[in-house]
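Have a look at the structure below before the remarks.
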Protein chains: 2
Amino acid sequence: MKRAQIFRLEHYLMRLMELKIRGAAYATSDALADAVGVSGSRVRQDMMALQAVGKPHSGYSVDELEIRIRDALDLYRPKGMAIVGCGNLGHALANAGIWERAGFTVRAAFDVDPAKVGQSLVGVTIRHLDELPGALADEPCVAACLTVPTEVAQTVANLLVDAGVKGIWNFASVDVKAPMHVVIENQRLEFGLMTLSYLLKLHRPPKTPPSGG
Amino acid sequence: MKRAQIFRLEHYLMRLMELKIRGAAYATSDALADAVGVSGSRVRQDMMALQAVGKPHSGYSVDELEIRIRDALDLYRPKGMAIVGCGNLGHALANAGIWERAGFTVRAAFDVDPAKVGQSLVGVTIRHLDELPGALADEPCVAACLTVPTEVAQTVANLLVDAGVKGIWNFASVDVKAPMHVVIENQRLEFGLMTLSYLLKLHRPPKTPPSGG
(Lines give C-alpha, C1' and ligand atoms only; values in the text may rest on other atoms or scores of the structure.)
Protein backbone atom coordinates (compact mmCIF):
# COMPACT_ATOMS: atom_id res chain seq x y z
CA MET A 1 0.00 0.00 0.00
CA LYS A 2 1.07 3.53 -0.71
CA ARG A 3 0.79 6.30 1.88
CA ALA A 4 -2.41 7.71 0.37
CA GLN A 5 -4.09 4.31 0.75
CA ILE A 6 -2.88 3.85 4.34
CA PHE A 7 -4.28 7.33 5.04
CA ARG A 8 -7.66 6.24 3.67
CA LEU A 9 -7.73 3.00 5.70
CA GLU A 10 -6.97 4.94 8.90
CA HIS A 11 -9.81 7.36 8.20
CA TYR A 12 -12.22 4.54 7.33
CA LEU A 13 -11.30 2.88 10.63
CA MET A 14 -11.98 6.10 12.55
CA ARG A 15 -15.38 6.40 10.84
CA LEU A 16 -16.15 2.74 11.64
CA MET A 17 -15.39 3.41 15.32
CA GLU A 18 -17.80 6.38 15.26
CA LEU A 19 -20.49 4.25 13.60
CA LYS A 20 -19.95 1.52 16.18
CA ILE A 21 -20.45 3.96 19.06
CA ARG A 22 -23.73 5.01 17.43
CA GLY A 23 -24.75 1.34 17.24
CA ALA A 24 -24.60 1.00 13.45
CA ALA A 25 -23.91 -2.49 12.07
CA TYR A 26 -23.29 -1.43 8.46
CA ALA A 27 -21.31 1.32 6.75
CA THR A 28 -22.23 2.52 3.28
CA SER A 29 -19.48 3.38 0.82
CA ASP A 30 -20.81 6.97 0.88
CA ALA A 31 -20.29 7.17 4.65
CA LEU A 32 -16.73 5.87 4.22
CA ALA A 33 -16.07 8.17 1.24
CA ASP A 34 -17.21 11.14 3.30
CA ALA A 35 -14.75 10.27 6.10
CA VAL A 36 -11.78 10.81 3.78
CA GLY A 37 -13.08 13.07 1.05
CA VAL A 38 -12.77 10.60 -1.81
CA SER A 39 -15.27 9.18 -4.31
CA GLY A 40 -17.48 6.18 -3.63
CA SER A 41 -15.73 4.32 -6.43
CA ARG A 42 -12.36 4.87 -4.72
CA VAL A 43 -13.85 3.36 -1.55
CA ARG A 44 -15.12 0.35 -3.49
CA GLN A 45 -11.64 -0.16 -4.97
CA ASP A 46 -10.16 -0.06 -1.46
CA MET A 47 -12.80 -2.52 -0.23
CA MET A 48 -11.96 -4.90 -3.09
CA ALA A 49 -8.29 -4.72 -2.12
CA LEU A 50 -9.35 -5.64 1.44
CA GLN A 51 -11.54 -8.43 0.02
CA ALA A 52 -14.51 -6.90 1.86
CA VAL A 53 -17.85 -7.61 0.26
CA GLY A 54 -20.74 -5.21 0.83
CA LYS A 55 -24.46 -5.95 0.92
CA PRO A 56 -26.62 -4.10 -1.58
CA HIS A 57 -28.27 -1.05 0.11
CA SER A 58 -26.90 -1.64 3.62
CA GLY A 59 -23.16 -1.59 2.78
CA TYR A 60 -20.23 -3.17 4.60
CA SER A 61 -20.39 -4.91 7.96
CA VAL A 62 -18.76 -2.56 10.48
CA ASP A 63 -17.30 -5.42 12.54
CA GLU A 64 -15.94 -7.33 9.58
CA LEU A 65 -14.46 -4.25 7.96
CA GLU A 66 -12.83 -3.21 11.24
CA ILE A 67 -11.12 -6.60 11.44
CA ARG A 68 -9.97 -6.42 7.83
CA ILE A 69 -8.50 -2.93 8.20
CA ARG A 70 -6.84 -3.69 11.53
CA ASP A 71 -5.43 -6.84 10.01
CA ALA A 72 -4.19 -4.99 6.89
CA LEU A 73 -2.39 -2.50 9.16
CA ASP A 74 -1.12 -5.34 11.39
CA LEU A 75 -2.62 -3.76 14.51
CA TYR A 76 -3.38 -7.11 16.15
CA ARG A 77 0.24 -8.23 16.36
CA PRO A 78 1.75 -7.37 19.78
CA LYS A 79 4.71 -5.04 19.38
CA GLY A 80 7.11 -3.60 21.94
CA MET A 81 7.90 0.12 21.90
CA ALA A 82 10.72 2.11 23.51
CA ILE A 83 10.24 5.78 24.38
CA VAL A 84 13.52 7.55 23.75
CA GLY A 85 13.46 11.04 25.22
CA CYS A 86 11.29 11.39 28.32
CA GLY A 87 10.70 15.14 28.22
CA ASN A 88 7.28 16.73 27.94
CA LEU A 89 6.50 15.07 24.63
CA GLY A 90 7.74 11.62 25.68
CA HIS A 91 5.64 11.82 28.84
CA ALA A 92 2.59 13.10 26.98
CA LEU A 93 2.78 10.31 24.39
CA ALA A 94 3.48 7.56 26.89
CA ASN A 95 0.29 8.56 28.74
CA ALA A 96 -1.83 9.26 25.67
CA GLY A 97 -3.64 5.92 25.64
CA ILE A 98 -2.84 5.38 21.97
CA TRP A 99 -0.62 2.31 22.14
CA GLU A 100 -2.92 -0.60 22.79
CA ARG A 101 -5.26 0.21 19.90
CA ALA A 102 -2.31 -0.16 17.51
CA GLY A 103 -0.94 -3.30 19.18
CA PHE A 104 1.97 -1.55 20.88
CA THR A 105 3.12 -1.78 24.50
CA VAL A 106 5.66 0.62 26.00
CA ARG A 107 8.38 -1.74 27.28
CA ALA A 108 11.35 0.58 27.76
CA ALA A 109 12.13 4.27 28.26
CA PHE A 110 15.38 6.21 28.03
CA ASP A 111 16.70 9.67 28.78
CA VAL A 112 20.05 11.32 29.53
CA ASP A 113 18.79 13.52 32.37
CA PRO A 114 19.97 12.10 35.74
CA ALA A 115 16.81 13.57 37.32
CA LYS A 116 14.66 11.40 35.06
CA VAL A 117 16.70 8.17 35.11
CA GLY A 118 15.19 5.78 37.67
CA GLN A 119 11.76 7.44 37.56
CA SER A 120 8.76 5.49 36.33
CA LEU A 121 6.94 6.21 33.08
CA VAL A 122 3.74 4.22 32.48
CA GLY A 123 5.10 1.51 34.75
CA VAL A 124 8.49 1.34 33.03
CA THR A 125 11.69 2.51 34.72
CA ILE A 126 13.48 5.22 32.73
CA ARG A 127 17.04 4.13 32.04
CA HIS A 128 20.05 6.11 30.88
CA LEU A 129 20.54 6.26 27.11
CA ASP A 130 23.95 4.61 27.60
CA GLU A 131 22.15 1.45 28.66
CA LEU A 132 20.06 1.34 25.49
CA PRO A 133 21.92 -1.37 23.54
CA GLY A 134 21.80 -3.99 26.31
CA ALA A 135 18.38 -2.94 27.57
CA LEU A 136 16.74 -3.39 24.19
CA ALA A 137 18.21 -6.87 23.91
CA ASP A 138 16.52 -7.74 27.24
CA GLU A 139 13.18 -6.08 26.50
CA PRO A 140 12.46 -6.67 22.82
CA CYS A 141 11.19 -3.46 21.25
CA VAL A 142 10.52 -3.67 17.53
CA ALA A 143 10.19 0.11 17.39
CA ALA A 144 11.10 3.30 19.19
CA CYS A 145 9.41 6.63 19.63
CA LEU A 146 12.03 9.31 19.06
CA THR A 147 11.17 12.32 21.21
CA VAL A 148 14.62 13.82 21.71
CA PRO A 149 15.79 17.34 20.81
CA THR A 150 16.22 17.88 17.06
CA GLU A 151 20.00 18.38 17.37
CA VAL A 152 20.58 14.84 18.63
CA ALA A 153 17.81 13.06 16.69
CA GLN A 154 20.15 11.50 14.11
CA THR A 155 22.74 10.37 16.69
CA VAL A 156 20.08 8.67 18.79
CA ALA A 157 18.45 7.17 15.69
CA ASN A 158 21.82 5.59 14.80
CA LEU A 159 22.02 4.13 18.31
CA LEU A 160 18.54 2.63 17.89
CA VAL A 161 19.39 1.11 14.53
CA ASP A 162 22.53 -0.45 16.02
CA ALA A 163 20.43 -1.84 18.87
CA GLY A 164 18.27 -3.67 16.33
CA VAL A 165 15.13 -1.55 16.29
CA LYS A 166 13.11 -2.05 13.08
CA GLY A 167 11.06 1.13 13.10
CA ILE A 168 11.28 4.69 14.39
CA TRP A 169 8.37 7.02 15.06
CA ASN A 170 10.19 10.31 14.67
CA PHE A 171 8.84 13.46 16.34
CA ALA A 172 11.92 15.56 15.66
CA SER A 173 11.33 18.17 13.00
CA VAL A 174 14.17 16.82 10.87
CA ASP A 175 14.23 13.74 8.70
CA VAL A 176 16.36 11.04 10.25
CA LYS A 177 18.19 8.64 7.97
CA ALA A 178 18.31 4.90 8.53
CA PRO A 179 19.30 1.81 6.55
CA MET A 180 16.69 0.38 4.16
CA HIS A 181 15.62 -2.34 6.61
CA VAL A 182 14.52 0.20 9.23
CA VAL A 183 11.29 2.10 8.64
CA ILE A 184 10.90 5.71 9.66
CA GLU A 185 7.52 7.30 10.27
CA ASN A 186 7.96 11.03 10.54
CA GLN A 187 5.20 12.54 12.64
CA ARG A 188 4.56 15.92 11.11
CA LEU A 189 2.60 17.87 13.68
CA GLU A 190 2.70 20.85 11.32
CA PHE A 191 0.37 18.98 8.98
CA GLY A 192 -2.47 19.20 11.49
CA LEU A 193 -1.75 22.88 11.89
CA MET A 194 -1.68 23.44 8.13
CA THR A 195 -4.98 21.63 7.71
CA LEU A 196 -6.47 23.84 10.44
CA SER A 197 -5.12 26.91 8.65
CA TYR A 198 -6.85 25.86 5.42
CA LEU A 199 -10.13 25.01 7.16
CA LEU A 200 -10.10 28.42 8.90
CA LYS A 201 -9.70 30.11 5.53
CA LEU A 202 -12.64 28.16 4.11
CA HIS A 203 -14.86 29.26 6.97
CA ARG A 204 -13.82 32.89 6.90
CA PRO A 205 -16.53 35.23 5.58
CA PRO A 206 -15.21 36.21 2.15
CA LYS A 207 -14.27 39.85 1.67
CA THR A 208 -14.72 39.59 -2.09
CA PRO A 209 -17.51 37.67 -3.81
CA PRO A 210 -16.53 33.99 -4.00
CA SER A 211 -15.33 32.81 -7.39
CA GLY A 212 -17.13 30.11 -9.34
CA GLY A 213 -14.36 27.52 -8.82
CA MET B 1 -10.46 20.91 -1.15
CA LYS B 2 -11.22 17.58 0.42
CA ARG B 3 -9.04 16.05 3.14
CA ALA B 4 -7.25 13.75 0.71
CA GLN B 5 -6.19 16.72 -1.40
CA ILE B 6 -5.03 18.74 1.63
CA PHE B 7 -3.01 15.66 2.65
CA ARG B 8 -1.36 15.62 -0.80
CA LEU B 9 -0.53 19.35 -0.71
CA GLU B 10 1.09 18.97 2.71
CA HIS B 11 3.23 16.09 1.47
CA TYR B 12 4.18 17.97 -1.71
CA LEU B 13 5.23 20.90 0.46
CA MET B 14 7.38 18.63 2.64
CA ARG B 15 9.06 17.22 -0.47
CA LEU B 16 9.62 20.73 -1.83
CA MET B 17 11.36 21.69 1.43
CA GLU B 18 13.62 18.64 1.10
CA LEU B 19 14.42 19.52 -2.51
CA LYS B 20 15.16 23.11 -1.48
CA ILE B 21 17.65 21.95 1.16
CA ARG B 22 19.39 19.90 -1.54
CA GLY B 23 19.54 23.00 -3.73
CA ALA B 24 17.07 21.84 -6.39
CA ALA B 25 15.21 24.55 -8.31
CA TYR B 26 12.70 22.25 -10.00
CA ALA B 27 10.49 19.35 -8.89
CA THR B 28 9.27 16.76 -11.37
CA SER B 29 5.75 15.39 -11.05
CA ASP B 30 7.32 11.98 -10.39
CA ALA B 31 9.23 13.36 -7.39
CA LEU B 32 6.02 14.88 -6.06
CA ALA B 33 4.02 11.71 -6.79
CA ASP B 34 6.57 9.67 -4.89
CA ALA B 35 6.24 11.91 -1.81
CA VAL B 36 2.57 10.93 -1.41
CA GLY B 37 2.26 7.62 -3.17
CA VAL B 38 -0.08 8.77 -5.94
CA SER B 39 0.17 8.71 -9.73
CA GLY B 40 1.87 11.39 -11.79
CA SER B 41 -1.47 12.22 -13.40
CA ARG B 42 -2.98 12.89 -9.95
CA VAL B 43 -0.09 15.28 -9.28
CA ARG B 44 -0.71 17.06 -12.58
CA GLN B 45 -4.41 17.45 -11.68
CA ASP B 46 -3.41 18.95 -8.33
CA MET B 47 -0.94 21.27 -10.06
CA MET B 48 -3.66 22.43 -12.46
CA ALA B 49 -5.92 23.17 -9.49
CA LEU B 50 -3.06 25.26 -8.04
CA GLN B 51 -2.59 26.92 -11.46
CA ALA B 52 1.06 25.83 -11.37
CA VAL B 53 2.59 25.37 -14.80
CA GLY B 54 5.53 23.02 -15.21
CA LYS B 55 8.38 23.21 -17.70
CA PRO B 56 8.84 20.21 -20.00
CA HIS B 57 11.57 17.88 -18.62
CA SER B 58 12.55 20.00 -15.59
CA GLY B 59 9.13 20.17 -13.90
CA TYR B 60 7.70 22.74 -11.50
CA SER B 61 9.61 25.62 -9.97
CA VAL B 62 10.22 24.72 -6.31
CA ASP B 63 9.91 28.32 -5.14
CA GLU B 64 6.78 29.08 -7.12
CA LEU B 65 5.08 25.86 -6.11
CA GLU B 66 5.94 26.44 -2.46
CA ILE B 67 4.25 29.85 -2.61
CA ARG B 68 1.18 28.41 -4.34
CA ILE B 69 0.76 25.60 -1.80
CA ARG B 70 1.38 27.86 1.20
CA ASP B 71 -1.10 30.30 -0.25
CA ALA B 72 -3.70 27.58 -0.90
CA LEU B 73 -3.37 26.46 2.73
CA ASP B 74 -3.42 30.12 3.90
CA LEU B 75 -0.13 29.70 5.77
CA TYR B 76 1.00 33.27 5.12
CA ARG B 77 -1.87 34.91 6.99
CA PRO B 78 -0.85 35.70 10.61
CA LYS B 79 -3.10 33.84 13.05
CA GLY B 80 -3.20 33.91 16.85
CA MET B 81 -3.31 30.63 18.78
CA ALA B 82 -4.24 29.87 22.38
CA ILE B 83 -2.83 26.82 24.15
CA VAL B 84 -5.53 25.43 26.41
CA GLY B 85 -4.09 22.84 28.77
CA CYS B 86 -0.46 23.42 29.74
CA GLY B 87 0.47 19.89 30.78
CA ASN B 88 3.20 17.85 29.14
CA LEU B 89 1.56 17.94 25.72
CA GLY B 90 0.74 21.66 25.84
CA HIS B 91 4.33 22.43 26.81
CA ALA B 92 5.77 20.11 24.18
CA LEU B 93 3.64 21.63 21.42
CA ALA B 94 4.24 25.22 22.49
CA ASN B 95 7.99 24.59 22.22
CA ALA B 96 7.88 22.43 19.09
CA GLY B 97 8.80 25.18 16.63
CA ILE B 98 5.86 24.35 14.38
CA TRP B 99 3.80 27.53 14.64
CA GLU B 100 5.57 30.08 12.54
CA ARG B 101 5.76 27.86 9.46
CA ALA B 102 1.96 27.66 9.43
CA GLY B 103 1.47 31.37 10.17
CA PHE B 104 0.47 30.88 13.82
CA THR B 105 1.73 32.69 16.92
CA VAL B 106 1.00 31.47 20.45
CA ARG B 107 -0.66 34.52 22.04
CA ALA B 108 -2.37 33.02 25.09
CA ALA B 109 -2.16 29.98 27.36
CA PHE B 110 -4.56 28.60 29.96
CA ASP B 111 -4.66 25.95 32.66
CA VAL B 112 -6.59 25.24 35.85
CA ASP B 113 -3.56 24.17 37.91
CA PRO B 114 -2.64 26.97 40.38
CA ALA B 115 1.01 25.82 40.15
CA LYS B 116 1.01 26.59 36.41
CA VAL B 117 -1.01 29.82 36.42
CA GLY B 118 1.39 32.78 36.31
CA GLN B 119 4.23 30.75 34.82
CA SER B 120 5.56 31.59 31.38
CA LEU B 121 5.10 29.39 28.31
CA VAL B 122 6.96 30.48 25.17
CA GLY B 123 6.90 34.04 26.51
CA VAL B 124 3.18 34.01 27.28
CA THR B 125 1.87 34.07 30.86
CA ILE B 126 -0.35 31.08 31.65
CA ARG B 127 -3.72 32.31 32.91
CA HIS B 128 -6.50 30.49 34.72
CA LEU B 129 -9.13 28.95 32.48
CA ASP B 130 -11.75 31.11 34.23
CA GLU B 131 -10.13 34.15 32.63
CA LEU B 132 -10.43 32.71 29.12
CA PRO B 133 -13.48 34.64 27.85
CA GLY B 134 -12.07 38.09 28.64
CA ALA B 135 -8.49 37.16 27.83
CA LEU B 136 -9.32 35.97 24.33
CA ALA B 137 -11.13 39.23 23.66
CA ASP B 138 -7.92 41.11 24.56
CA GLU B 139 -5.52 38.82 22.68
CA PRO B 140 -7.26 37.80 19.48
CA CYS B 141 -6.78 34.08 18.90
CA VAL B 142 -8.54 32.71 15.85
CA ALA B 143 -7.84 29.18 17.05
CA ALA B 144 -6.98 27.12 20.11
CA CYS B 145 -4.93 24.04 20.70
CA LEU B 146 -6.97 21.76 22.98
CA THR B 147 -4.55 19.77 25.13
CA VAL B 148 -6.74 19.09 28.16
CA PRO B 149 -7.70 15.71 29.65
CA THR B 150 -10.23 13.80 27.54
CA GLU B 151 -12.92 14.01 30.25
CA VAL B 152 -13.11 17.80 30.08
CA ALA B 153 -12.39 18.27 26.37
CA GLN B 154 -15.99 19.00 25.37
CA THR B 155 -16.61 21.41 28.26
CA VAL B 156 -13.48 23.39 27.42
CA ALA B 157 -14.32 23.30 23.70
CA ASN B 158 -17.71 24.88 24.51
CA LEU B 159 -15.93 27.61 26.48
CA LEU B 160 -13.68 28.29 23.49
CA VAL B 161 -16.60 28.45 21.07
CA ASP B 162 -18.39 30.92 23.39
CA ALA B 163 -15.20 33.01 23.52
CA GLY B 164 -15.32 33.37 19.74
CA VAL B 165 -12.58 30.96 18.66
CA LYS B 166 -13.05 29.85 15.03
CA GLY B 167 -10.96 26.70 15.04
CA ILE B 168 -9.86 24.00 17.48
CA TRP B 169 -6.85 21.71 17.09
CA ASN B 170 -8.05 18.85 19.24
CA PHE B 171 -5.54 16.46 20.81
CA ALA B 172 -8.06 14.72 23.05
CA SER B 173 -8.85 11.23 21.89
CA VAL B 174 -12.56 12.02 21.64
CA ASP B 175 -14.34 13.97 18.95
CA VAL B 176 -15.44 17.35 20.25
CA LYS B 177 -18.61 18.89 18.84
CA ALA B 178 -18.87 22.52 17.82
CA PRO B 179 -21.29 24.66 15.82
CA MET B 180 -20.92 24.65 12.03
CA HIS B 181 -18.96 27.94 11.97
CA VAL B 182 -16.15 26.50 14.12
CA VAL B 183 -13.72 24.07 12.50
CA ILE B 184 -12.29 21.13 14.41
CA GLU B 185 -9.05 19.46 13.40
CA ASN B 186 -8.71 16.22 15.32
CA GLN B 187 -5.06 15.30 15.70
CA ARG B 188 -5.02 11.53 15.56
CA LEU B 189 -1.65 10.49 16.92
CA GLU B 190 -2.74 6.86 16.54
CA PHE B 191 -2.60 7.30 12.77
CA GLY B 192 1.18 7.69 12.86
CA LEU B 193 1.39 4.62 15.04
CA MET B 194 -0.87 2.63 12.72
CA THR B 195 1.20 3.63 9.71
CA LEU B 196 4.33 2.51 11.55
CA SER B 197 2.64 -0.79 12.35
CA TYR B 198 1.88 -1.36 8.68
CA LEU B 199 5.38 -0.37 7.55
CA LEU B 200 6.90 -2.77 10.10
CA LYS B 201 4.78 -5.60 8.71
CA LEU B 202 5.94 -4.79 5.17
CA HIS B 203 9.57 -4.99 6.24
CA ARG B 204 9.25 -8.16 8.30
CA PRO B 205 10.91 -11.21 6.76
CA PRO B 206 7.95 -13.37 5.70
CA LYS B 207 7.54 -16.67 7.54
CA THR B 208 5.59 -18.18 4.67
CA PRO B 209 6.37 -17.62 0.99
CA PRO B 210 4.90 -14.25 -0.04
CA SER B 211 1.66 -14.48 -1.99
CA GLY B 212 1.35 -13.15 -5.50
CA GLY B 213 -0.83 -10.18 -4.46
Side-chain angles (χ1 to χ4, degrees), chain A residues 1-11 13-14 18 36-38 72-75 77 79 87-89 91-93 95-99 101-104 142-143 147 150 166-169 173 175 181-183 185 187-204, chain B residues 1-11 13-14 18 36-38 72-75 77 79 87-89 91-93 95-99 101-104 142-143 147 150 166-169 173 175 181-183 185 187-204:
Chain A
M1 285 193 288
K2 305 271 182 132
R3 292 227 152 227
Q5 192 180 353
I6 302 171
F7 172 85
R8 293 195 299 273
L9 293 197
E10 289 163 353
H11 278 76
L13 187 57
M14 180 170 79
E18 290 165 11
V36 199
V38 292
L73 298 172
D74 208 25
L75 306 183
R77 189 167 62 92
K79 298 168 288 279
N88 285 316
L89 188 56
H91 268 85
L93 289 173
N95 288 290
I98 53 178
W99 307 99
R101 275 174 278 172
F104 286 95
V142 69
T147 43
T150 299
K166 297 286 174 267
I168 296 175
W169 192 19
S173 56
D175 281 344
H181 69 277
V182 176
V183 295
E185 171 64 8
Q187 183 70 41
R188 302 281 178 180
L189 291 169
E190 306 87 307
F191 283 5
L193 208 47
M194 288 177 184
T195 302
L196 184 66
S197 174
Y198 171 74
L199 295 175
L200 284 167
K201 169 184 160 185
L202 267 197
H203 276 61
R204 212 160 14 132
Chain B
M1 283 193 287
K2 304 271 183 136
R3 292 226 152 229
Q5 191 179 354
I6 302 171
F7 172 86
R8 293 196 299 275
L9 293 197
E10 289 163 354
H11 279 78
L13 186 57
M14 180 169 78
E18 291 165 12
V36 199
V38 292
L73 298 173
D74 209 25
L75 306 184
R77 188 168 61 93
K79 298 168 287 280
N88 284 316
L89 187 56
H91 268 87
L93 289 172
N95 288 290
I98 54 178
W99 307 99
R101 276 175 277 171
F104 286 95
V142 71
T147 44
T150 299
K166 297 284 176 268
I168 295 174
W169 193 17
S173 57
D175 281 345
H181 69 277
V182 176
V183 295
E185 172 63 8
Q187 183 71 42
R188 302 280 177 182
L189 291 168
E190 305 90 306
F191 284 3
L193 208 47
M194 289 178 184
T195 303
L196 184 66
S197 174
Y198 172 74
L199 296 174
L200 284 167
K201 168 185 160 184
L202 267 198
H203 277 63
R204 210 161 16 131

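Chain letters run A, B, ... following the sequence lines, proteins first and then strands; every chain starts at 1.
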Look only at the side chain of A/Lys201 and the backbone of B/Leu75, and say whether a donor-acceptor pair between them is shorter than 3.5 Å.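 Such a contact is absent between A/Lys201 side chain and B/Leu75 backbone.
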
Would you check if the side chain of A/Glu190 reaches a backbone N or O of B/Ala102 as a donor-acceptor pair within less than 3.5 Å?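 Checking the backbone N and O of B/Ala102 against the side chain of A/Glu190, no donor-acceptor pair under 3.5 Å is found.
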
Which atoms of B/Val142 approach chain A - backbone, side chain, both or neither, heavy atom under 4.5 Å: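 Its backbone and side chain both get close to chain A.
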
Residue part contacting chain A, namely of B/Phe191, when any heavy atom lies under 4.5 Å: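 Its backbone and side chain both get close to chain A.
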
Choice from [options] maximising heavy atom contacts with chain A below 4.5 Å:
options	value
B/Lys166, B/Met14, B/Glu18	B/Met14
B/His11, B/Met1, B/Lys79, B/Gln5	B/Met1
B/His181, B/Arg101, B/Glu10	B/Glu10

Return the OG to CG distance between A/Ser197 and B/Leu73, rounded to the nearest 0.5 Å.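 The OG atom of A/Ser197 sits 6.5 Å away from the CG atom of B/Leu73.
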
Pairwise distance CD(A/Glu185) to OH(B/Tyr198) - rounded to 0.5 angstrom: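 Reported to 0.5 Å precision, the distance equals 12.5 Å.
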
Which atoms of [X] approach chain B - backbone, side chain, both or neither, heavy atom under 4.5 Å:
X	value
A/Arg77	side chain
A/Leu200	both
A/Ala4	both

Quick one: which of [options] has the most heavy-atom pairs under 4.5 Å with chain B, could you say?
options	value
A/Leu9, A/Leu93, A/Val38, A/Ile6	A/Ile6
A/Leu89, A/Thr147, A/Asn95, A/Leu189	A/Leu189
A/Thr150, A/Val182, A/Asp175	A/Asp175

Heavy-atom distance under 4.5 Å between the side chains of A/Leu199 and B/Arg3, does that happen here?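 Yes; the side chains approach each other to less than 4.5 Å.
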
Checking side chain to side chain contact (heavy atoms under 4.5 Å, CB included) for the pair A/Met194/B/Leu13: CA distance, chi angles, key distance, verdict? CA-CA 11 Å; A/Met194 288 177 184; B/Leu13 186 57; 3.8 Å; yes

Only counting residues at least two apart or in another chain, list the ones meeting side-chain contact (heavy atoms from CB on, under 4.5 Å) with A/Asn88.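 side-chain contact (heavy atoms from CB on, under 4.5 Å) check on A/Asn88 returns B/Asn88, B/His91, B/Ala92.
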
Test side chain to side chain contact (heavy atoms under 4.5 Å, CB included) on A/Phe104 and B/Leu196 and set out the steps. CA-CA 10 Å; A/Phe104 286 95; B/Leu196 184 66; 4.2 Å; yes

